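Throughout, protein chains are lettered first and strands after them, A, B, ... in sequence-line order, and every chain is numbered starting at 1. Predicted, not measured: the structure shown is a model, and the values here were computed from it.
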Number of protein chains: 2
Amino acid sequence: MPGGRPRSFDADTALDRALEVFWRHGYEGTSLTDLTTAMGINKPSLYAAFGNKEELFAKVLARYLDGPGAYTADALAAPTGREVVERLVRGAVDLVAGEDTPHGCLCVNSVHACGPDAHAVRRDAIAVRKAGEAALRRRLEQATDLPSRHDPATLAALVHTITDGIAVQAAAGRGHDELRRIGDLALHAVLT
Amino acid sequence: MPGGRPRSFDADTALDRALEVFWRHGYEGTSLTDLTTAMGINKPSLYAAFGNKEELFAKVLARYLDGPGAYTADALAAPTGREVVERLVRGAVDLVAGEDTPHGCLCVNSVHACGPDAHAVRRDAIAVRKAGEAALRRRLEQATDLPSRHDPATLAALVHTITDGIAVQAAAGRGHDELRRIGDLALHAVLT
DNA sequence: TTAATTCTGTACCGATTGGTAGGAAACTAG
DNA sequence: CTAGTTTCCTACCAATCGGTACAGAATTAA
């Protein structure tokens, strides 16, 4: 029954281009023209394939978590609590200060999109962050090799805070090597 | 010789209103209408008194550093290195999670204003951050009471990273008490 | 070939953006 | 009072914002 004219672009590729643009310029700093130019399609095609700007961003955020952000899930699978935290911090450094990607973290950026049209975006980003921290807390509750002077919830929040700080530092221009040193010092302090 | 019609508003008060709005909604999320409404003046008055949006933001940023951000300079005057770091972290928690002020840090927010019209704003914010960290590094170089396993530059960068993270956490909705606990855990880890 | 369907491209929509022109209003100096 | 100066207010500007109407092009099913 259906048929119809076939799409002249690959949806996943276009989504990756949109991710790059949102990541680099933020939700509010990205215009539909920026998006259509980067994606190589026209506005009606964008709307037909991805919905409006908000919905496109939601899809982009999901793709970010599944792609560049996938290291977090891997890290939680590490055998020891120490290693979980190490891989989270070092993975954050690699993600937010990568050579071929925009500096900073899409999710952290989105928390700071606080204009009138960005409520949904901010809410989504905060929900994602909350879920990630909850997963980390549950993982740390299972660990037996961590300094016992603090509860897992606070430790998870501290690790989250440190990776947030690393993202800000990268967004502000700090390079990968320096961030690596800062992260290692943080790890040494937290895990001792 | 001059004279002229007197101003019908107080410039400093208006600047404080502008600070509140920029702090809460970010540079890109704040429109001139938002500003003039909050400041209680019309656009031509705003332009005559403060220049364009960029220049107004620069004045607001300076006022932020002199007002809510003044605790940093105070902290650097503390007698011991430990106390300097403690006051910086606890001061950051109080600033970014205050009851009567927007949550988050104006300076950290501004680093994430990466739209096309926000280059100058981002540059200013980064310059301010760099200067602050340099002052902290110089202060820590003088300290004799800190764990000697790391150089002052990396320690200053780590403290900066932690306060950045605290700002993000506050912007994402974490409350003051929880942030205080996270900050104390971080202090314990870094200063031991 | 024809009908039905789906996508593409142009051209447009109202609303809002940052910014300004120009005259009335309010003050000081003479 | 008058001249000069500065601010205030209304109304407006071009440009851009996110979003869409509509017609033609490309496909499948019959």
Whichever of B:Gly40 and A:Glu28 has the more 5' nearest nucleotide on DNA chain D, that residue is B:Gly40
Whole Å only: how far is the CG atom of A:Leu35 from the P atom of D:dG18?
8 Å
On DNA chain C, nearest-nucleotide positions of B:Thr33 versus B:Pro6: which is more 5'?
B:Thr33
Identified ring-ring contact (aromatic ring centres under 6.0 Å, His included) counterpart of B:His112 within the set A:His103, A:His25, A:His112
A:His112
Measuring from the side chain of B:Ser31 (C-beta onward, heavy atoms only), which nucleotide among C:dT17, C:dT8, C:dA26 has the closest atom?
C:dT17
Just how far, in rounded Å, is P of C:dA15 from NZ of A:Lys53?
19 Å
Decide yes or no, distance alone: a donor-acceptor N/O pair under 3.5 angstrom between the base of D:dG19 and the side-chain of A:Lys43.
yes
Starting at atom NE2 of B:His25, determine the distance to atom P of C:dT17, rounded to an integer number of angstrom.
13 Å
d(CZ, B:Arg5; P, D:dC9) in whole Å
6 Å
Without decimals, in angstroms, what is the distance between A:Asp34 CG and D:dG19 P?
14 Å
Between atom CZ in A:Phe57 and atom P in D:dG18, what is the gap in whole Å?
14 Å
Measure the distance from OH on A:Tyr47 to P on C:dC12 and round it to the nearest whole Å.
19 Å
Check the hydrophobic clustering (I, L, V, M, F, W, Y; side-chain heavy atoms under 4.5 Å; chains of links allowed) and say if A:Ile126 and B:Val96 are grouped together.
no
Counting heavy atoms from C-beta on, name the nucleotide in C:dC7, D:dC8, D:dT20 closest to the side chain of A:Pro44.
D:dT20
Sidechain-backbone polar pair: B:Arg139 side chain, B:Ala78 backbone, donor-acceptor under 3.5 Å
yes
State plainly whether the residues A:Glu133 and B:Arg174 are in salt-bridge range, i.e. N to O under 4.0 Å.
yes
Under 4.0 Å from OP1 or OP2 of D:dT7: is there any side-chain N or O of B:Ser45 that close?
no
Contact class for A:Thr30 vs. all strands (heavy atom < 4.0 Å): base, sugar-phosphate, or nothing?
sugar-phosphate
Is the NZ or CZ atom of B:Lys53 positioned over B:Tyr27's six-membered ring, under 6.0 angstrom from the centre and within 45° of the axis?
yes
Rounded to whole angstroms, how far apart are CG on B:Leu32 and C1' on C:dG19?
7 Å
Considering every strand and a 4.0 Å limit on heavy-atom distances, what is the contact class for A:Asn52: base, sugar-phosphate, or nothing?
sugar-phosphate
